[in-house]
Every structure is written in structure tokens, then in C-alpha cells.
There are 2 protein chains.
Amino acid sequence: MADVARAAGVSQQTVSRVANGLPNVNEQTRQRVQATMQELGFRPSYAGRSLRDGRYHSVGLCVNDVTKFGNLSMIDGIASAAREHNCAITLVEMSKTEEFSLAEATRRMAALPVDGIIIGMSRMAPDFETFDPLPGIGTVIVTMYAHPRVTTVDSDHYGCSLLLMDHLFELGHDQIRYIGGPSFSVDEQFRRAGWQDALERKHIKPQAPLEGDWSANSGYEAGRYLAEHDRTMTAIYAANDQMANGAIAALRDSGLRVPEDVSVVGVDDSLDDFVAHNELTTVRFDLHQRGREVFEHAVPEAGTVGKTVAIRIPGQLIIRHSTAIPRS
Amino acid sequence: MADVARAAGVSQQTVSRVANGLPNVNEQTRQRVQATMQELGFRPSYAGRSLRDGRYHSVGLCVNDVTKFGNLSMIDGIASAAREHNCAITLVEMSKTEEFSLAEATRRMAALPVDGIIIGMSRMAPDFETFDPLPGIGTVIVTMYAHPRVTTVDSDHYGCSLLLMDHLFELGHDQIRYIGGPSFSVDEQFRRAGWQDALERKHIKPQAPLEGDWSANSGYEAGRYLAEHDRTMTAIYAANDQMANGAIAALRDSGLRVPEDVSVVGVDDSLDDFVAHNELTTVRFDLHQRGREVFEHAVPEAGTVGKTVAIRIPGQLIIRHSTAIPRS
DNA sequence: CAACCAGGTGCTGCCATAGCT
DNA sequence: CAGCTATGGCAGCACCTGGTT
């Protein structure tokens, strides 16, 4: 900036005014300064400005694996909210191999240009219970587990199960098998708990849940197994759409019709791009809203008192044609 | 930091030494300072440090829509490369509505804490020809179009077509129809050009390409149309796997067998999670390698002369069972 | 209205110093 | 006194604000 000032024959302050579009600059001067900035390839120093006004206009986001469906949609939702607040995202991916602790994630983020910290906890962190957020900076954990000292936000991975189970109950199903994701997944834990509680609330004994890995192939395996071993089942709740899609393929390969013989539901509403004529009954989450909630709690407006809350955003039941009344 | 120094009764420099794990600090002093830092919730100022040493340890990434398949994989590849260099990513999503110009993207990124700028140009920017990168900072555009003054990196969206077409030619196909993505997409333009050139090189007149929107449903529509209107076609090249998957469904719904009656190929190798027993012959790109190339050209090691290059990373043909010799 | 000067933001490299062996 | 360690002072990185000319 000093260079520009010297080259244009004005003071630094004038350059500053021009750079920030402030008034009280002679039009000729402004143009001359702008020309000089162009010429020298002037780039305002983010460091200087940040140091000066103590804000970074960026929010930190720490995830362990960008490619997981949940994380992508998290980035999207937050990116959209951040843009509305004229804010960037500083993204850090934790090594997939190293242990993922909240303290470590916080330590890493704290050294970066962030006005708030968002940590995606898609599997339980070893130090969740004992974790204390850094004072003086907003911290939000994206997870279903509530925390006494940290605001947590997530789509309601428990409630989505209730929505789907109620739908199946209303159709008349009661023998509803469950195909879950890997058991270390937090989403899985809550989706399964919802399934189980829904059954128990109706005094139906849940049959053993099957464990997949979120992929269609694992859903296929599970569906195959169920088709061959469970004659009484009338519906399958797969914990995501991909596995549901695999399960449907398996059922059909086993000679069972969907939904006439077996109803199938999934979660996420993620198939549309990949499958033509998507017929799967599922739950859709409003990930942009989640992103907005996450962002706004991580970077509270000045004056907002950052009370610790636990926000669970309900999903929306999408009824298509993979569900019907059970075979008699 | 001054606070910590005062509270611990030492100088700022000593605190600095402790914070950075430098030697020449008495063990007792070190512990006392660390305790004080803990107590006061000390967080090193990113702004101060950056201002000091003129580097941000972050690379800027600008994309127009995070959720697009290509962009997700871009983030993933770059995140992985960035982590290897102990670097964060500053992500900016351009508004989906506003016009996407390279100058605007650069302007936005330049005001952020970035040591390099990466711009994903999945559709042609209006100012591509005239764009001049900001001097003094590495700029990489992720796109197939080469630029005289900017390094460009991309998966080889032209070469992937040649790989697939050669595979089909070897099997004996020559009536190969094309289902493309939206024509504004740069990937689409190059994939289609590859298809067309491959045919013309063999003196086969390309039949009119169909235009989809990357979704399985659009592939289905196109597949349906071809099944009903083209008796001579023996193979379909769909410009991504999702449309290929839709096309296969359409062909089967029209009573055609795949691959016995019609062979189908796609690009991206993106179906595995969504479809059980994925049988689609396709091309897989090494997105981590692309991420590494992009990153390393955007943030060149000190001393590297930033020559402008155009890097195209070849894909790998994955032969499965959606292709076979044509029906006689 | 336009421009200048001084001061403050957090951090660290260089140098100085003090106290040792 | 050379050679070492532990510590502190100073300056400057780029920017902006407020007071002053």
C-alpha cells in the first residue's frame, strides 16, 4: 500500500480510502490511485486488515472426510450461509488415519483465520464428554449428541426414523427390519435408536438389525439375506437411500416385489441424480437450513449471547412408491 | 500474548518461544508459561503471524456450486493435497445467480488469506480470453481450456472419450450415439469433441448428439428416444455414469438388452455407492492426483519458476460388463 | 475537502545482555 | 575471555482511525 501511495504521489490513507471506497477523495485522485493499484497489482493485505480490526470474515470447518455424503452437504449448506454473511470458509480435513479428537481439531482451527469453529463429528470423538470449547470464539459441533458446554446442531437423525416408522405403521406394517450403516457412525446410532424405539413403543420386538457400510452393495447383501431368511418381514428400513436401493435390487433378484411384497424406505433423498424414476420413499433433510443454523451459532451476531443449545432440524417425509400396504 | 507475558512475568519473546516450541527456554519457565496460556485461553493470532511472515498457509478455492459432482471431487483432491503441505483451504462459493467471471473470482480471493488461487471453471467464463492473473500470486484454473497466461489443470475430458471410443471400436462398434451433458459445461464440450473426433477419424459420420443435464432421468429420456428412433445404433456413450445408468434403464424398458443388443459406457466411475453390482464400463479419473497438481501449481515451492503450463491428467478405462461385441 | 502524522494491532528475527562454565 | 544458555528490547510487517493541518 505504501508503494501505491508513493507511486501515485499520495498518502497511504488516501490509498486506503480509495481501496475501501470511502468518500472524501477527489475524483481525479481516486482514478489516479486506482490506475496505480492496477499497475502494481496491488492486493490489500488480509493480514494487516485482520490484525487491525480483529475479525477474519471466515468460519472454520473441520471434517474428517470430505467425500462422505453428509460432509459434502454440510459444506454446501454452510458455504451458502457463509456467503450470505459475506464470509469465507476455512476448511481443514483431518487425516483419515489419525485419531480425531475435538481438542486437536480445535487446536488446529484456532491457529487459522476463523471467527468461529465448526466441527463435524460424524463419529464419536474420544474426548467428547470432557471437551471444553475455546473461550472467546463460537464453537459448534455438528452431531446428534448434545453437549453441556457446546452448541450442537444436526439434522434429526432420530426423528427421521420416527417419521418413516409412523408411515409404515399407518400402512399396517409391523415386521420392519433394519439395515444400518457402520456402527461407529453417529448418524447410524440415532437412526437405529429411532427404529428400535418406534417398534418398542408399539410393543413389537425388534429383530436383529443388519449392518452395512452405507453402500448399495452392502444394502444388497443385507437385502439378500433378509429375503432368504425372514418370511415374516413386510418392510425394510435402510438407514440411507443407497443401501435401500441395493436392498430393493436384492429383493427383486430374490423374486420379491417392491412394494407389493415388501416395502422399503431409506433416508437422505440422495438418489435422484443417479437413478432414473426414483421411487424410493425417504426422508429429505434441509441441509441449507442446517448450514444456516450451524453458521449463525458459530459466528453469532455481535450482542447475541452464545447460549449453549442443541438444535435438531426435522426432516421431511417424501412418500413415493416403494411403500404400500403389506401383503396379506 | 502480551497478557500471557505479563501474567507469567516474562517477556513476549519468551511466550513466543514457548508457543512455537523453540529451544533456549528454561523448563520451569516453559511450564509456567504454558499453564498461563491454558488459563487465559490464549489463542495465537493468525493475523499477527501472517503479517509477520507474509504467508497464510492457506490456498483459495473458488467454485460456483459445491454440490456438483466435479466440484466435490475437486475439493476432496485439493483438501488432501493441502493437508500434505500442512495447509488449509479457504473456500468461496460464488453465487449461483451472479455472473461468474474470473476477474471477479480473483478479486474476491485476493482479499482473503491465500497463498495461491484456484478457480474451478466448469463453465466458460465470459472473460476467459482477456483474463490476467494477479501478479505475485499463483493462479490455477481447473478447466480443459488452455490459457496463455495461466496454468490450467484438469482431468482429460477429451482423452476419456478416446479411451472409451477405442474400446468400443475394438469390440466392433461403429454406430455409437452420444448423450451429453448441458452444452454450457466445459467437461461436456470436451467429452463430446472427443466422441466426434474419434468417429470422424474413422470416417464415420456422427449422428446428432443428445443433450441431457447429467441426471439419470435425462439419460433415461435420451435412451428412450434412441431405443425408439435408432435401429442401427449398437452402442451409447453417455457423458457421465448417471446418465448412462438412466439410459440402460430406458433401453431395458424398451426391450433391449445391455450389452447384448446395445453397449453402454459412461464417465466418472461414480455409481459404486449408489448402485449394487455396478456393471458399467466407464473411465475413472484420479482426482487426488489432480488435486495435487492443482495445489502444487497454485502454491509453488519457493524457487520454482511459475511457468504457465496446461496439465491434463489421463483417466483410466474401467471395463465392466455393459459393453460387448455388437449384435450381428 | 484533501492530506498528513502518530499510534496501535500480534508476532517474531535480530541483537544485546546477564549469568554461567 | 571464549562459549554457552536464558531472557529481554526493538523494530517492522500492512492497515486503519482520529486528531490535526
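Computed from a predicted model, the values in this text were never measured in an experiment. All chains are named by letter (A, B, ...) in the order of the sequence lines, taking the proteins before the strands, and each is independently numbered beginning at 1.
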In whole angstroms, how far is the [atom2] atom of [N] from the [atom1] atom of [X]?
| X | N | atom1 | atom2 | result |
| --- | --- | --- | --- | --- |
| Asp3(B) | dC11(C) | CG | C1' | 14 Å |
| Tyr46(B) | dT12(C) | OH | C1' | 16 Å |
| Arg6(A) | dA14(D) | CZ | P | 11 Å |
| Asp53(B) | dG13(C) | CG | C1' | 11 Å |
| Arg32(B) | dA6(D) | CZ | P | 14 Å |
| Arg55(B) | dG13(C) | CZ | P | 13 Å |
| Gln28(B) | dT5(D) | CD | P | 18 Å |
| Leu22(B) | dG8(D) | CG | P | 15 Å |

Does Glu27(A) CD have over 12 foreign heavy atoms under 6.0 Å away?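 Counting other residues, nucleotides and ligands, CD of Glu27(A) exceeds 12 neighbours.
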
Assess whether atom CZ of Arg123(A) is packed by more than 12 heavy atoms of other residues, nucleotides or ligands within 6.0 Å.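 Open.
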
Identify whether any heavy atom of [X] sits under 4.0 Å from a base atom; if not, whether one sits that close to sugar-phosphate; answer base, sugar-phosphate or nothing.
| X | answer |
| --- | --- |
| Pro23(B) | nothing |
| Val10(B) | sugar-phosphate |
| Ser11(B) | base |

Considering just the side-chain nitrogens and oxygens of [X], establish if one lies under 4.0 Å of OP1 or OP2 belonging to [N].
| X | N | result |
| --- | --- | --- |
| Asn24(B) | dT7(D) | no |
| Ser16(A) | dC16(D) | yes |
| Arg49(A) | dA14(D) | no |

Would you please indicate yes or no on a ring centroid separation below 6.0 angstrom for His157(B) and Phe285(B)?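 Yes; His157(B) has its ring centre under 6.0 Å from that of Phe285(B).
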
Should dT21(D) form a Watson-Crick or G-U wobble pair with both distances under 3.5 Å, which nucleotide is its partner?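 Paired with dA2(C).
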
Which of these nucleotides, [options], is closest to any side-chain atom of [X]?
| X | options | value |
| --- | --- | --- |
| Thr14(B) | dC11(C), dC16(D), dG8(D) | dG8(D) |
| Leu51(B) | dT17(D), dG13(C), dA14(D) | dA14(D) |
| Thr29(B) | dT12(C), dT7(D), dA14(D) | dT7(D) |
| Gln13(B) | dG8(D), dA6(C), dC15(D) | dG8(D) |
| Asn26(B) | dC16(D), dG10(C), dT7(D) | dT7(D) |

Using only modelled atom types and a 3.5 angstrom limit, is any donor from either the side chain of Arg52(A) or the base of dC16(D) paired with an acceptor on the other?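 Checked by distance alone, the answer is yes.
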
Can you check whether any acceptor in the base of dG8(D) is under 3.5 Å from a donor in the side chain of Arg17(B), or vice versa?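 Donor-acceptor pair under 3.5 Å: yes.
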
No-hydrogen, no-angle side-chain donor-acceptor test under 3.5 Å, Arg32(A) and Asn26(A):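 Distance-only check fails for Arg32(A) and Asn26(A).
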
Report yes or no: do Thr152(A) and Arg312(A) form a side-chain donor-acceptor pair below 3.5 Å?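 Yes.
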
Ring geometry between His85(B) and Phe295(B) (parallel below 30°, tilted from 30 to 60°, perpendicular above 60°):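 Geometry flag for His85(B) against Phe295(B): tilted rings.
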
